[in-house]
Amino acid sequence: MRYISTRGLCEPADAPSAILEGLAPDGGLFVPEEIPVFTEEEKEALRGMEYRDTALLVLEKYLSLPEKSLKTAIRDAYDSFEGGEPAPVRMLRQDLGVMELWHGPTCAFKDIALQLLPRLMSICRESTGLKEVLEILAATSGDTGKAALEGFKDVPGTAVTVFYPENGVSAVQKAQMVTQEGGNVKVYAVKGNFDDAQTSVKAIFTDRELAESRARQGRVFSSANSINWGRLLPQVVYYVRAAFDLAPKGGTVDFTVPTGNFGDILAGYYARRMGAPVGRLVCASNSNDVLTQFIRTGVYDRRRDFYRTLSPSMDILVSSNLERLLYLAGDGDSAAVRSYMENLRTQGFYTVRAETLEIIRSVFDACSCTDEEALAVIGDTYMRYGYLMDPHTAVGMYAAQRFAVPGRPMVLVSTASPFKFASSVLRALGAGEAEGFEALDKLSSLTGMPVPAGLDAVRRLPVRFTDTVAPGEMKDLFR
Ligand SMILES: *Cc1c(COP(=O)(O)O)cnc(C)c1O
C-alpha cells in the first residue's frame with residue numbers, strides 16, 4: 001500500500017516512510033492511496049474474532065510489514081491493558097453500549113494507539129535500515145503527552161519530547177507527565193494553549209534547515225500526534241470489533257465520539273469505508289464547538305473565543321485530522337484541500353463545497369454541550385445506570401442521547417477513566433470539592449471503585465521536569 005499526501009504536492013511514500021515521517025513533506029497528511037475493503041469471507045470471520053486477530057487483519061491490509069513482527073507488536077501492546085481487553089463494551093441498555101478505551105497504562109484512549117505506534121516504528125526502522133535516532137515531538141492537550149512518553153520510554157533508537165499547555169491540563173495529567181521515567185524523555189510546559197503548542201511543533205517539522213542540522217547530529221524528527229497514520233490505524237480496529245460484535249443481522253451500529261483533533265472519529269469513518277457495519281458517526285464537542293458548527297454549516301471558522309473546559313483534551317480550535325476527511329469526502333481533490341488550508345491559515349476560516357458537505361453529512365451528525373450539561377449527564381448517568389463516566393465521555397453521552405434511535409445499537413466511545421478527571425466527577429456527583437490525588441481517593445471511597453494502578457503510582461514519583469518555554473522558543477531547543 002502506498003501513501004499519498006492530502007495536499008498532493010509530494011511523491012507517494014511506502015508505509016514505513018509514512019509512519020516514520022508522520023507529516024507529509026508538503027505539510028499535508030498521509031492517506032492510503034486506496035481504502036482496502038473486507039471480503040465477504042473476512043466479514044464472516046470477523047464475527048466473533050478476537051481483538052488481537054482483528055488488529056492483525058486490519059493492520060496487514062495497510063502495512064506490508066512482516067506478519068510475525070506485527071503479531072508480536074500487537075500482543076505486547078495490548079498485554080499492558082488491565083484485564084487484557086483493550087476495548088470492552090459495557091451495555092447500559094440493550095441498545096446503548098459504552099466502549100471503554102482507557103484500560104491502558106495512562107488511563108486514556110490514547111494508549112490504544114500509543115502502545116502500538118512505537119513498536120510499529122521500530123519495525124519500520126528495521127525494515128528501512130534507518131540508522132538515525134527518531135526524535136518524536138508531541139504537542140498535547142493532556143492525554144497524548146503521557147501516553148506518548150509511556151509508549152516510547154526507553155524504546156531503543158527513539159527519543160521523545162512532549163509540550164503541554166501551561167494551564168491547559170489537569171493536576172493529575174501534569175503530575176503524570178512531569179514525573180515520567182525513562183532515559184530518552186523530555187517534558188516542557190508551553191506558555192500558550194494547545195493550538196499554540198501544536199502550531200510550533202508543526203513549524204519545527206516543516207523547517208528544512210533545522211532538519212538538516214539535526215540530521216548531521218544523527219537525529220530525524222517524527223511525530224506521535226494523531227496526524228501520524230500509525231496513530232490512526234490502531235484506532236480503526238476497535239470500531240471494526242464493536243461493529244461486528246453488536247450489529248444485528250443486516251444492520252449497523254452507530255457511534256458517538258467525544259472529539260478534539262478528529263482522529264478517533266475519523267478511524268470510525270475508515271472502518272465504515274472498509275465495510276464494517278458502522279452506521280452514523282456522531283461528533284460530540286464541548287464549548288469549543290468548531291467541528292459541530294462545521295458539520296452543520298460547512299464553514300470551518302477558527303476566529304472565535306477559546307474556552308478552557310472540564311474536558312481539556314477536546315479544547316481544540318484546529319482539528320488537524322479533519323483534513324483527511326476533507327480529502328476523502330472531496331473525492332481526492334487535493335487542490336481543494338490546499339485552498340481550504342490556505343484560507344484557514346491566512347483568513348482563519350474556509351467553506352467547503354456543497355457536494356463535499358453533503359457527503360460528510362450523509363454519515364456524520366454533530367452536537368455540542370456545555371460544562372454544566374456535561375456535569376449533569378455524569379450525575380444522571382450514575383443515578384440511572386450506576387455507571388461512572390469522565391467529563392469527555394459525558395460530552396459524548398449528551399450527544400448520544402440526542403441522536404440515539406430506539407432499538408438501533410449506539411456505542412458511546414469512552415475516552416478516559418473517570419479517575420483521570422476525579423475533581424470534576426466529584427463535583428458532578430455533588431460530593432464537594434477536592435483537587436489532585438485527594439480527589440482520586442475521595443472518588444474511590446465514594447464509589448467503591450479502586451484508583452487505577454497507573455494513576456496511583458504517580459503520586460509517589462519525584463518531579464523530573466519543570467521547564468517552561470514560549471511557543472517561539474520551542475525551535476531553539478533543537479538547534
Ligand atoms: C484525545 C482525547 C479526545 C479527543 O480525541 P481526538 O482523536 O483528538 O478527536 C477525547 N477524549 C480524551 C480523554 C482524549 O484524551
Side-chain angles (χ1 to χ4, degrees), residues 29 98-114 117 138-151 162 164-165 168-170 172-173 176-177 194-195 197-198 223-229 231-236 238-239 255-270 281-286 288-292 294-295 309-325 364 366 368-369 374 378 389-399 412-422 424-425 452 455:
L29 274 59
V98 183
M99 181 158 61
E100 297 177 346
L101 301 179
W102 38 263
H103 294 285
T106 79
C107 301
F109 98 98
K110 307 285 194 295
D111 286 331
I112 300 232
L114 280 165
L117 177 70
T140 182
S141 55
D143 295 324
T144 303
K146 177 59 181 180
L149 292 162
E150 200 54 42
V162 164
Y164 69 91
V169 303
S170 80
V172 174
Q173 285 177 322
Q176 280 186 301
M177 289 190 275
F194 169 73
D195 290 313
Q198 175 159 267
S223 158
N225 270 96
S226 65
I227 51 176
N228 191 313
W229 177 253
R231 266 287 294 282
L232 208 98
L233 186 54
Q235 299 178 176
V236 176
Y238 50 77
Y239 288 97
F255 289 86
T256 300
V257 190
T259 299
N261 222 356
F262 210 76
D264 195 357
I265 195 168
L266 185 71
Y269 185 67
Y270 272 96
L281 293 166
V282 180
C283 171
S285 320
N286 61 26
N288 296 298
D289 63 347
V290 61
L291 281 167
T292 295
F294 169 70
I295 289 168
T309 72
L310 298 177
S311 40
S313 298
M314 298 158 64
D315 289 346
I316 287 174
L317 292 186
V318 179
S319 295
S320 305
N321 263 301
L322 186 64
E323 183 168 340
R324 287 190 166 110
L325 180 65
F364 290 88
S368 68
C369 86
I378 294 173
M389 53 180 47
D390 94 291
H392 302 78
T393 308
V395 170
M397 185 70 172
Y398 182 91
L412 166 62
V413 177
S414 175
T415 50
S417 158
F419 281 90
K420 201 155 186 187
F421 300 92
S424 303
V425 175
L455 291 176

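Every number for a ligand or one of its atoms is a count from 1 in the order of the listing.
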- Region of Phe262 engaging ligand 1 - heavy atom pairs below 4.0 Å: backbone

- Are Phe419 and Trp102 near enough that their ring centres are under 6.0 Å apart? no

- Atoms of ligand 1 less than 4.0 Å from Thr259 heavy atoms? 9 (O)

- Around atom 13 (C) of ligand 1, find the nearest protein heavy atom and jot down its residue, atom name and distance. Asp143 OD2, 3.2 Å

- Message: With rounding to the nearest 0.5 angstrom, report the NZ to CZ distance, Lys110 to Arg231.
- Response: 6.5 Å

- Query: Hey, which atoms in ligand 1 end up nearer than 4.0 Å to a heavy atom of Gly263?
  - Reply: 6 (P), 7 (O), 9 (O)

- When the aromatic ring centroids of His392 and Phe421 are compared, is their separation below 6.0 Å? yes

- Item | Protein heavy-atom partner closest to atom 6 (P) of ligand 1 - residue, atom, separation in Å | Asn261 N, 3.5 Å

- Item | Side-chain heavy-atom pair Val257, Val282 within 4.5 angstrom cut-off | no

- Only one of Tyr269, Phe364, Tyr239, Tyr238 forms a ring-ring contact (aromatic ring centres under 6.0 Å, His included) with Phe255, so which one is it? Tyr239

- Message: For Asn261 and Ser319, which I'm curious about, is there any donor-acceptor pair between the side chains at under 3.5 Å?
- Response: no

- Any chance the rings of Phe262 and Phe294 have centres within less than 6.0 Å? no

- Note on the structure: protein heavy-atom neighbour closest to atom 9 (O) of ligand 1 works out as Gly260 N, 2.8 Å

- Using heavy-atom distances, let me know which of Met314, Lys110, Gln235, Lys146 sits nearest atom 2 (C) of ligand 1. Lys110

- Query: For ligand 1, which atoms have a heavy atom of Ala416 less than 4.0 angstrom away?
  - Reply: 13 (C)

- Item | Subset of ligand 1 atoms that lie under 4.0 Å from at least one heavy atom of Ser313 | 2 (C), 12 (C), 14 (C), 15 (O)

- Item | Closest to atom 10 (C) of ligand 1 (judged by heavy-atom distance), picking from Ala147, Pro391, Pro258, Pro312 | Pro258

- Query: How far is atom 12 (C) of ligand 1 from its nearest protein heavy atom, and which residue and atom name does that atom have?
  - Reply: Thr415 OG1, 3.4 Å

- Query: What protein heavy atom sits nearest atom 7 (O) of ligand 1, and how far away is it?
  - Reply: Asp264 N, 2.9 Å

- Quick one: do the Ser320 and Gln198 side chains pair a donor with an acceptor below 3.5 Å? yes

